[in-house]
Amino acid sequence: MQKEAAPFDIDAFSDQCRNNGLRITPQRTAIYRELIRAGSHPSADMVYQQIRRQFPHIAFETVNRSLLTFARSGMLRIIESRSGVRRFDPVLTKHHHMHCVQCGRIIDFTHEAYDDLKIPEAILKKYEIVDQHVIINIICPVCRTNQGG
Ligand SMILES: [Zn+2]
Ligand SMILES: [Zn+2]
């Protein structure tokens with residue numbers, strides 16, 4: 001089952017900012033809205049490319065910094081793509097990811113049996129667990145079609 005990100009909710013966004021002591025600026029609002037709209041776990045650069053249409057003078061660093069601030073405030077999650085580029089995920093409810101090994105697309109899915117996977121004792125003893133989710137490497141339907149197979 002695939003998950004759709006909830007539509008952008010300006011009131012929820014404002015509440016989250018207030019709760020975290022973040023100033024609500026037009027830029028920050030646009031950045032968060034774009035993250036939700038993209039619905040594809042965008043990188044900072046993908047968000048920047050969209051935001052600069054609206055704010056031609058905005059710097060990449062401003063976009064990047066805002067995304068990292070949202071992450072620190074728990075308003076989004078950072079996930080690593082196969083290429084090592086940081087990607088951002090506004091869906092905070094429990095879900096898992098499929099990574100297309102060809103185009104790098106990251107697709108959400110839910111599967112209850114994966115939600116409470118037991119972490120081995122040896123790992124728990126040594127490390128503090130921050131987050132756990134399952135990643136399945138795939139070739140997505142678009143890439144499979146392009147391969148002609
Ligand atoms: Zn693909
Ligand atoms: Zn996700």
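Counting starts at 1 for both ligands and their atoms, in listed order. What's counted below: heavy atoms across the whole structure, side chains too, no hydrogens, waters or symmetry copies.
For the 3.5 Å distance criterion, the side chains of Gln54 and Glu34 fail to qualify, holding no donor opposite an acceptor.
Relative ring orientation between His97 and His133 is described as perpendicular, the plane-to-plane angle rising above 60° on a 0-90° scale split at 30° and 60°.
Taking all atoms of both residues into account, the shortest heavy-atom contact from Leu68 to Ile78 is CD2-CD1, 3.9 Å. Residue His96 comes nearest to Val134 through the heavy atom pair ND1-N, 3.0 Å, listed as atom of the first residue, atom of the second, then distance. Thr69 and Leu22 get closest at one heavy-atom pair: CG2-CD2, 3.5 Å.
Counting non-hydrogen atoms of other residues, nucleotides and ligands closer than 6.0 Å to CZ of Arg86 gives a total of 12 or fewer.
Rounded to 10°, the angle formed at the Zn ion (ligand 1) by Cys140 SG and Cys103 SG is 120°.
Each protein N/O/S atom under 2.8 Å from the Zn ion (ligand 2) was counted, for a total of 5.
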